[in-house]
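The basis for the numbers below is simple: all heavy atoms, side chains too, and nothing from hydrogens, waters or symmetry mates. All chains are named by letter (A, B, ...) in the order of the sequence lines, taking the proteins before the strands, and each is independently numbered beginning at 1.
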Protein chains: 2
Amino acid sequence: MSRPTKQSPERGNARIRLLEAARDIIREKGFAATTIEDLCKAADVTKGAFFHHFGSKEALGVAAAEFWGETTSAYFAAAPYHGPSEPLARVLAYVAFRKAIIAGELQEFTCLVGTMAQEVFVSSPDIRDACGRSMFGHTATLEADIEMARRKRGITTTGWTAESLARHTQAVLQGGFILAKAANDPALARESLDHLERYIRYLFNVTEDD
Amino acid sequence: MSRPTKQSPERGNARIRLLEAARDIIREKGFAATTIEDLCKAADVTKGAFFHHFGSKEALGVAAAEFWGETTSAYFAAAPYHGPSEPLARVLAYVAFRKAIIAGELQEFTCLVGTMAQEVFVSSPDIRDACGRSMFGHTATLEADIEMARRKRGITTTGWTAESLARHTQAVLQGGFILAKAANDPALARESLDHLERYIRYLFNVTEDD
DNA sequence: GAAAACATACCATACGGTCGGTATGAGTCA
DNA sequence: TGACTCATACCGACCGTATGGTATGTTTTC
C-alpha cells in the first residue's frame, strides 16, 4: 500500500493524506463545495495522484466515510469511557465523553458522515449508505452497553429498545451539532447532551447516590 | 410588487416561484449542489429574472431562509396542536404533530434551514445567521408553552430551562432527520420523537391518567 | 522488467455572474 | 383622454473561470 521513497519519505501516503484532507475540508465546507483541487492542495499531491487512488469524487466520498468509520471506531475503542465495570456507568460515561470532546472549532468535533449524509442522501446512494454504515456501526457499540445495563438493572422497557436508545443518542448528537452550527455556538450541542443524560438517568431509575 | 400581464397572468410571481424552487431543490440536493439554472428551470424563469430579484446565489440563500421562516411560522401557527387549553398538553401535541407530519419522501418533511446551516456555517455567515434566526424563532414559540406548563404544574427545574428544552426538542428533530437520511428511513426520525415525548412526560411528572 | 505510485498538461463543460434590451403598467399633465 | 415618463419585471445572449475528469509520461520499488 504505502511505498515511501528515500528522497521523499512521505511518498506512499497520498491516499491517507487525501482522506485526512477530505475529513477536514468536507466537514468545513460540505461535500459538494469541496473541490478535488482543494483536497490535492491540502494533501500536497497532484490530481494524477487523486485519480490514481480514487476513480471519481463520489468514490472518494465513499472512501472518506469508510475511513471515518475506521478511525473513529479505533478512537472510541481506546477512549476512557469503557473503564467502569458497571454497564450503565459506561453509558453515562459515553455521554459525558461525547460532551467533553465538544470543544474548539465546530468543524473539528462535528461528524463527517452526518454532514455528508445530509447532502448526498438523494444524489449519491453509495455515499449515503457508506455514511449509514459508519454511523450505525458506531451506535451498535453503544447499544451493547445499553442492553447490558438494561438487563443488569432489571429494566422492563415498554416502547423502547437498546437499539432505539442508542440511535436516539446519536440523533441528539447530530441535532446538537446542527443547532451549534446555526447558532455558531458549541454550547448548544453540549446542552442537548445534558438533556440526554437526564433522560437516560430517568430510564434507568438512577437515584441521587446511585 | 406583483404585476400580472394579460397574456401571462403569472407574471410578477417569479420571486416567489424561485423561493419555492429553492425550498424544494436545496432540501433535496443541498445548497452548494443546487445551481441557479436548476432554480430557474424549476421556477420557469430565466437567469435575468433570477438576478433581478437576487443579487447573488448567497442572497438567494438568505432570502430562502427568511422565506422558510415566514411560511413555516404561518404553517405552525395554524396547526391544530394549539387547541388544548392546558399548556403541557400543547407541548405534547406539538411533539405528536411533528411526528405526524414525518411522512412521504425525506426531502418533503426535512428542514431547509437545518440543511443549509450544516453546509454554509463557515462559508457564509449571512446564510448561517438567517438559518439561525428562522430556527430559533421557531423554538421560541414552543418555549412559551413550555414555560407556561412549567409554572402551571409547579415544576422546579434544576439544570434546565424552558429555552433549553425547546432547543433540545429542535435538536432531536434535526438529529432525527439526519438519521433518517443516513438510513433512508423516516421511521428513525419518528423513533427519536418517541424518546423525546417520554422525556418530556418525565420532566413534567405526567402520570398514566394525566 | 513489471507494476504501482505518482506527476503534468490538457479538455469539455458547467457555473456564477454581466449586460443590453424589451414589455408592462402606474402616475402625470395638458 | 391620450401622449409622455418612469420604475419594475423579466428576457436571453454572452463571458471568464472553475471543475471533474483524461491521457500520457516518469519515477520508484519489488
[X] [atom1] to [N] [atom2]: how many Å, rounded?
X	N	atom1	atom2	answer
A/Ile16	C/dC6	CD1	P	11 Å
B/Leu18	D/dC11	CG	C1'	13 Å
A/His53	C/dA7	NE2	P	9 Å
B/Lys41	D/dG12	NZ	C1'	14 Å

Completion exercise
Heavy-atom contacts, protein to nucleotides 14-21 of chain C, under 4.0 Å, summarised as B (base), S (sugar-phosphate only) or - (none) per nt, yield -SBBB---

Handout entry: Ring center gap for A/His195 and A/Tyr202 short of 6.0 angstrom
Key = no

Handout entry: Among B/Tyr94, B/Trp68, B/Tyr75, ring pair (Phe, Tyr, Trp, His ring centres under 6.0 Å) partner for B/His138
Key = B/Tyr94

Handout entry: Flag, side chain of B/Arg27 to backbone of B/Thr110, donor-acceptor distance under 3.5 Å
Key = yes

Exercise for the section: Indicate whether OP1 or OP2 belonging to C/dA5 is found under 4.0 Å from a side-chain N or O atom of A/His52. Expected result: yes

Problem - Closest non-hydrogen atom pair, A/Gln107 against B/Phe121 - result: OE1-CE1, 3.8 Å

Practice task
Kindly state each residue pair satisfying salt bridge (Lys or Arg N to Asp or Glu O under 4.0 Å) with at least one member in residues 83-105 of chain A, sequence neighbours excluded.
Solution key: A/Glu86-A/Lys152, A/Arg90-A/Asp145, A/Lys99-A/Asp194

Practice task
Show your reasoning for whether salt bridge (charged side-chain N to carboxylate O under 4.0 Å, His left out) applies to B/Glu37 and B/Lys41.
Solution key: CA-CA 6 Å; B/Glu37 284 186 40; B/Lys41 202 169 285 184; 5.5 Å; no

